[in-house]
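In what follows, every heavy atom counts, from backbone to side chain, and hydrogens, waters and symmetry copies are set aside.
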Amino acid sequence: MAKSPKELPITILKQMATLTMSGFSLVTALAWNDLIKQFIEEYVKPYTRTGSGIVAQLIYAIAITVLVVLITYQLAWIQEKFERKEERQQEKLSH
């Protein structure tokens, strides 16, 4: 939240940037979702015993879970790295 009226435009711009990035992230996630579904439909489903949708859905769910965990881990690692760097810079400024 803006602490003063002068900070309001900056706060609004930051929020707009966050919302825009979220929208692009959603579009990207949907593109990956379609790709993975198509891959399973073409390459996995024909090799299951009866072309079972359950097996294909299970493989899809596992693939998405692994992908999300890996991406989340990497993003958390990057965020932590930048936070540590920022803390070191703040310490240098305070001395």
Minimum side-chain heavy-atom gap Lys85-Gln89 below 4.5 Å
yes
4.5 Å side-chain heavy-atom contact, Ile12 and Met16:
yes
Looking at [atom1] of [X] and [atom2] of [Y], how far apart are the two atoms once the value is rounded to the nearest 0.5 Å?
X: Leu30; Y: Asp34; atom1: CG; atom2: CG; answer: 7.0 Å
X: Thr20; Y: Gln15; atom1: OG1; atom2: CD; answer: 9.5 Å
X: Ile59; Y: Ile36; atom1: CD1; atom2: CD1; answer: 12.5 Å
X: Leu70; Y: Thr65; atom1: CG; atom2: OG1; answer: 10.5 Å
X: Leu35; Y: Phe39; atom1: CG; atom2: CZ; answer: 8.5 Å

Run the salt bridge (Lys or Arg N to Asp or Glu O under 4.0 Å) test on Lys37 and Glu41 for me, step by step, so that the C-alpha distance in whole Å, both residues' side-chain angles and the decisive distance to 0.1 Å come before the verdict.
CA-CA 6 Å; Lys37 281 184 176 181; Glu41 190 71 30; over 6 Å; no
Is it possible for you to say whether Leu75 and Leu67 belong to one hydrophobic cluster, with membership spreading through side-chain heavy-atom contacts below 4.5 Å?
yes
Side chain to side chain contact (heavy atoms under 4.5 Å, CB included) between Phe82 and Ile78: does it pass, once the steps are laid out?
CA-CA 6 Å; Phe82 280 110; Ile78 291 168; 3.4 Å; yes
Taking atom CD as the centre, does Glu42 end up with more than 12 heavy-atom neighbours from other residues, nucleotides or ligands that are less than 6.0 angstrom away?
yes
Glu83 and Gln79: side-chain donor and acceptor closer than 3.5 Å?
yes
Given Val68, which of Ile64, Ile71, Val66 fulfils the side-chain contact (heavy atoms from CB on, under 4.5 Å) condition?
Ile64
